[in-house]
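Every chain is numbered from 1, with letters handed out A, B, ... down the list of sequences. Heavy atoms only: backbone and side chains are in, while hydrogens, waters and symmetry mates are out.
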Amino acid sequence: MGEIDYQNNLNRAQQEAVFSPDGPTLIIAGAGSGKTRTLVYRVAWLVENGIPPERILLLTFTRKASQEMLRRVEQMLNRSCQGVAGGTFHSLAYKILRIYGATIGLNRPLTVLDRKDSEELVGKIIKAKKWDKEKDLPDKKEFLELLSRLVNRGQTFEEGLAKSFFENGVSLSKLKEVNQDYEAFKRQHGLLDYDDLLSQCLHLFRQETGVVRKLSAFYQYVLVDEYQDTNLLQAEMVRYLTQGNIMVVGDDSQSIYGFRGAHFKNILNFPHQFPGTRVIKLEENFRSSQPILNLANRMISYSKERYSKCLFSRFKEGEPPCCVELPYEESQSQFVTRQLQEFHNQGIPWQEMVVLFRAGHHSFNLEIFLQKEGIPFKKYGGRRFVEGAHIKDFLSYLKVAHNPMDVLAWERILKLLEGLGPKRAQEIVGQMTICPDWVSRLKCLSRYPRLKSQLKGLSSLFQNLVDQPDSSPTQALETIWEYYQNLLPGLYEEPQRRQKEIEEIIRVSYNYTETETLLGDLSLEVYEEPDGQEKDQLTLSTVHSAKGLEWKVVFIIWLTEGRFPSSQSMLDPEEMEEERRLLYVAITRAKERLFLTYPQSLSYRGGGWQKNDLCHFIADIPEDLLVRQGRSVPNHSPLIHSSYVSEISKEDDDGFSKGTKVFHPLFGNGVIQEPPQERKVRVLFKRYGSKVLHLDYARLELG
DNA sequence: TTTTATAACATTTTT
DNA sequence: TGTTATAAAA
Ligand SMILES: Nc1ncnc2c1ncn2[C@@H]1O[C@H](COP(=O)(O)OP(=O)(O)OP(=O)(O)O)[C@@H](O)[C@H]1O
């Protein structure tokens, strides 16, 4: 077994943490202070001292994070640590509920609803109410957001909602009614949404002390990373899961998941919940240069909250961070692209650089520029490919085969057939749920003569699937694909891309022997969309998805009031504080170089065209901490100039006059039919016919 | 009455 | 880009 060199790889405080005696330990420390590394060494140390890996529970924010940590442990120990139970709270809860759920009435199969599934269900419930559409009920999205916030804080509607909410005309009774139906439907059909995973798991813990005893005795050591982003339910879960050897790690100034009920007070409360907690602070920063930390420290010091620490770097030297104002979004994209290329030419690989932004769609324009320049990139955050309609369709067949009572999946696949809408789908599914077995279900399908040929195809698909009950998930998916591939081209645009994504799902399924596990993981873990075999890639990411990671060079784009911070946070001071912490997280991802950029151009906002203002978190930062560059940057003047010229023509028709050839990334080549009116332009595409596009959303280029 | 085609519109963050 | 409100068609 390889000897681990603790002395040279950890400073004194870290060593103190790694060699902690049994009992509760809290490591609270700033960004880049080596918290994660400490946790990795702690796990290695435990295993080295003879603790069986499977009796260690490592809870992280994503499965990727825990896999990466365990990979490092394995490397250090030169042995496999497959046994360590690693993953997210949600995936752990799902595992526990599948084993013990029956004791609280949750019988298998248990299906996990992802966000889209939940939305669909709530949508159906609201529609079934047939209420006049007054404005006394939030739409399904807002409803679920609200509900999630409440559940994760352990609050009721009355407790959690401010008076003003109801004064705005929202009907409390309707909220409750929808919620009741939602809950009832889920329980009846064995469905669990994300929040249920936590709350039902807790319900189990509270009720079944035997289960708790068993689990907590089994997990000798429990470690939790990013504890500042846990909520009350998760904190309670931790209390049940451990008998006292618990180590949590986090940073109160990096708490960025308030919308999920997380609160940084949680980590500050930890010592109260576990009396006798050893508190260890790490003050030395190993990641960023001092100038970058100076900016981060100053920015967060303007906050109303007083966070617990200040960071000092061991790297004193470094380039100061730079704030670049650019005239238009295009200029911003061009600046970033150009700057990236420059660094790359200096020998910095793409994978050492990242572009960060507040919301997934903020990078659309940049993506076009990168594509044009042939810069390979991978995007994290924003829309996930498993939420695409075609993937949901495809998996619905598997869901039905696995759980014929999955009403939502049934309806989905029936609605794909021509001549079959929501109404009749619901009717057929109603029949289906009373059928006791597949024979009667298939017979039932053949009872609709008007849709005979279509339903016959579907029914023979299920015949095939049910005939081979022992087949692997992959085999089942391949059978389904044979059926679905005939449907796909008629359903959506871009069938080639969608086909690739489906093939990726099939590839993922190779690793699974159980359908239930496959489906669970697909809802609970982030799967990346397929891409070329490019190894060295630039990263584009939302700040949230960049948590815990680091790069040599960091760009943060769209630092304007309304985007970052998001306009939706402006009403609530607490949310605005979270935006500040979010920017703190973004800044502290950088090791050596940091660029903050924003386009000054007009944005459509609040019913009118407005000039962009620089994000107010950094507007007041003095020049010696953050160097300003205007649009007359000498190094890049030719660039700025060219985009400036093309933008000036934007005043009249943006260059999109009638007859102009244009290119759209989705629709390909086309010709302008009608020049822009109110930012909208009609284009005749060669392959897709006539379309009206919005210049601010459509990625239309002069071709 | 139900389904499909079309136009309009809005886009935070994640398990 | 994907959803949703509205109109046309089956
Ligand atoms: N004792 C050390 N000596 C040298 N480098 C270290 C040491 N500890 C950590 N590092 C390095 O510092 C960087 C940041 O460490 P790590 O990711 O563990 O910090 P963190 O506190 O978890 O950060 P964050 O709060 O952003 O998640 C990593 O590159 C890590 O390898």
Side-chain angles (χ1 to χ4, degrees), chain A residues 59-63 87-94 112-116 118-120 123 127 133 139-141 144-145 148 151-152 192-198 226 229-231 233-234 255-262 356-362 364 380-384 386-390 415 417-427 450-451 492-494 497 520-526 541-547 558 562-570 575 578-579 581-582 585-586 604-605 664-667 678-680 682 689-694 696-699:
Chain A
L59 291 166
T60 55
F61 216 67
T62 60
R63 184 163 71 167
T88 62
F89 279 93
H90 289 86
S91 65
L92 175 69
Y94 185 48
V112 178
L113 299 179
D114 68 15
R115 212 188 33 144
K116 283 272 171 66
S118 308
E119 268 172 29
E120 203 180 313
K127 216 192 246 157
K133 45 186 167 192
D139 70 3
K140 57 192 180 184
K141 243 186 182 149
L144 280 166
E145 225 160 83
S148 180
V151 171
N152 283 298
L192 297 164
D193 67 17
Y194 289 128
D195 301 330
D196 290 330
L197 290 173
L198 301 184
E226 310 280 13
D229 280 321
T230 56
N231 58 40
L233 303 189
Q234 290 164 323
S255 174
I256 54 175
Y257 279 85
F259 61 92
R260 230 164 67 182
L356 299 175
F357 32 84
R358 177 66 179 84
H361 67 272
H362 293 171
F364 286 165
Y380 295 88
R383 300 229 159 282
R384 266 174 295 270
V386 284
E387 281 181 0
H390 52 296
K415 279 190 288 190
L417 302 173
E418 227 173 282
L420 232 168
K423 205 75 186 187
R424 184 138 332 143
Q426 199 162 14
E427 188 193 320
R450 218 161 64 76
L451 307 152
Y492 307 105
E493 318 256 81
E494 278 197 301
R497 190 200 86 212
D521 278 8
L522 283 171
S523 315
L524 290 172
E525 316 288 349
V526 179
S541 176
T542 58
V543 181
H544 284 89
S545 301
K547 190 163 80 146
W558 269 115
R563 293 238 188 186
F564 198 164
S566 157
S567 55
Q568 276 157 272
S569 315
M570 304 231 173
E575 283 185 44
E578 183 154 309
E579 298 284 313
R581 294 193 293 270
L582 194 58
V585 170
Y604 194 74
R605 176 147 53 94
H664 185 274
L666 198 66
F667 304 130
E678 293 176 342
R679 310 290 297 152
K680 274 171 272 184
R682 179 175 284 282
S690 178
K691 299 219 178 283
V692 175
L693 302 167
H694 197 289
D696 293 347
Y697 300 120
R699 303 174 240 173

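Residues A/E119 and A/K116 are not paired through a salt bridge, judged by the lack of any N-O separation under 4.0 Å between the basic side chain and the carboxylate. Between A/D193 and A/R115 there is no salt bridge, since none of the side-chain N atoms of the basic residue sits less than 4.0 Å from a carboxylate O of the acidic one.
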>> Show me the dot-bracket string of DNA chain B, counting Watson-Crick or G-U pairs under 3.5 Å, with | for pairs to another strand and [ ] for crossing ones.
In response: ||||||||||.....

Write down the protein N/O and nucleotide N/O pairs, taken from nucleotides 6-9 of chain C, whose separation is under 3.5 Å; answer none if there are no such pairs.
unit_1	atom_1	unit_2	atom_2	d
C/dT6	OP2	A/K133	NZ	3.4

With 3.5 Å as the limit, what N/O pairs link the protein to nucleotides 13-15 of chain B?
unit_1	atom_1	unit_2	atom_2	d
B/dT13	OP1	A/G360	N	2.7
B/dT13	O4'	A/R358	NH1	3.1
B/dT13	O2	A/R358	NH2	3.1
B/dT14	OP1	A/T542	OG1	3.1
B/dT14	OP1	A/S545	OG	2.9
B/dT14	O2	A/R260	NH1	3.4
B/dT15	OP2	A/R384	NH1	3.3
B/dT15	O4'	A/R260	NH1	3.3
B/dT15	O2	A/H90	NE2	3.3

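Nearest-nucleotide assignment on DNA chain B puts the 5′-proximal partner with A/P422, out of A/E575 and A/P422.
Note on ring orientation: taking the six-membered ring where Trp is involved, the planes of A/F259 and A/H544 are perpendicular (angle over 60°, cut-offs 30° and 60°).
Under the 4.5 Å side-chain criterion, counting only non-hydrogen atoms from C-beta, A/Q234 is in contact with A/H90. Residues A/L524 and A/Y94 have side chains in contact (heavy-atom distance under 4.5 Å, counting atoms from C-beta outward).
Between A/R260 and A/N231, the shortest heavy-atom distance links the atoms O-ND2, 3.2 Å. Considering every non-hydrogen atom in both A/A389 and A/Y492, the closest pair reads CB-OH, 3.4 Å. The shortest heavy-atom contact between A/K547 and A/I256 is CD-CD1, 3.9 Å. The nearest pair of heavy atoms linking A/V543 to A/L356 is CG2-CB, 4.4 Å.
Residue A/K140 is classed as a sugar-phosphate contact, given heavy-atom separations below 4.0 Å to backbone atoms only. Within 4.0 Å of A/K127, counting heavy atoms only, lies no atom of the nucleic acid at all.
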> Run the salt bridge (Lys or Arg N to Asp or Glu O under 4.0 Å) check on A/R63 and A/D521 step by step: do they pass?
Replying inline: CA-CA 10 Å; A/R63 184 163 71 167; A/D521 278 8; 3.3 Å; yes

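Following rounding to the nearest Å, A/D139 (CG) and B/dA10 (C1') show an atom-to-atom distance of 11 Å. Rounded to an integer number of Å, the gap from CD of A/E493 to P of C/dT1 is 9 Å. Here the C1' atom of nucleotide B/dT4 and the CZ atom of A/R424 are 14 Å apart, to the nearest Å. Rounding to whole angstrom units, NZ of residue A/K141 and P of C/dG2 are separated by 12 Å.
Side-chain contact, A/S148 with A/D195: a donor N or O sits under 3.5 Å from an acceptor N or O.
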